[in-house]
Amino acid sequence: MAGKEKKLSYERAPSKVWYRVLRPIFTVIFRTLWPLRVVGVEHVPKEGAAVIVSNHLSMIDPFVVSYGAHRLVNFMAKEELFGVPFVGLLIRKLGAFPVDRSRQDATSLRVALTVLKGGELLGMFPEGTRSATGEMMEMRTGAVRLASKTGMPIIPAAVVNTQNALPMGKLMRPARIEVHFGPAFEITELYQKHEKGAATQMALEMLRERIEALHG
């Protein structure tokens, strides 16, 4: 039974119908409760695969990024969320899939590769958790390793002020929020010119600089 539950927890069920139905609801939310400013959406391709990599401030960040991108973005999300009533169903229908943050999760990696090979957008928060200070924390290597492995472009993104819309451990409250998208870039050449470990560090530094520049 336990094995079956683990298998089901990785079952993806993204639904473009859910995205289209929910988008008008989010439009109301992002015009009233959380007025949203979107900058640089032209950097998000209307079709084809890419890895969108963002800083992480609040639980609403995946919804903000996906809404701002005007496309369904399939986010890696901590597996604990999938056990929360309704929330688990909602994020699954909006393309999210679980990752075990306590270890190198080979299953979530395979799902991520499937997303990209299917021409979809993959969303990742390389910090692994929400920042309590608003400053970017140490980034994990998964996003750049995936981009190097697949040759897919990385689209840097930055959410702004979402921590004030839904603070950690507190109720939601009105706040003006933003999401910024930057030009896509590729890191394949770094891995061709440098040793793997060095290339990964250079790619992480490049990614951090671009996200922080968007955040202002």
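Note that this is a predicted model, so its numbers are computed, not measured.
- Under the 4.5 Å side-chain criterion, counting only non-hydrogen atoms from C-beta, Pro45 is in contact with Arg71.
- Between Asn161 and Glu178 there is no side-chain heavy-atom pair separated by less than 4.5 Å.
- Distance check: His70 NE2 to Leu121 CG gives 12.5 Å after rounding to the nearest 0.5 Å.
- Using a 4.5 Å heavy-atom cutoff, the side chains of Ser66 and Phe26 are not in contact.
- Within the 4.5 Å cutoff, the side chain of Ile177 has no heavy atoms near those of the Val159 side chain.
- Phe63 and Phe30 have their aromatic ring centers separated by at least 6.0 angstrom.
- With values rounded to the nearest 0.5 angstrom, Met136 atom CE is found 8.0 Å from Ser54 atom OG.
- Between Leu146 and Leu113 there is a side-chain heavy-atom pair separated by less than 4.5 Å.
- Ile60 and Leu22 fall within a single hydrophobic cluster, where Ile, Leu, Val, Met, Phe, Trp and Tyr are joined by side-chain heavy atoms under 4.5 Å apart, directly or via other members.
- No side-chain heavy atom of Thr129 sits under 4.5 Å from any side-chain heavy atom of His56.
- Side-chain contact between Phe181 and Leu214 is absent, with no heavy-atom pair separated by less than 4.5 Å.
- Between Phe82 atom CZ and Ile91 atom CD1 the span is 4.0 Å, to the nearest 0.5 Å.
- Residues Phe97 and Met76 form a side-chain contact, since some pair of their non-hydrogen atoms from C-beta on lies under 4.5 Å apart.
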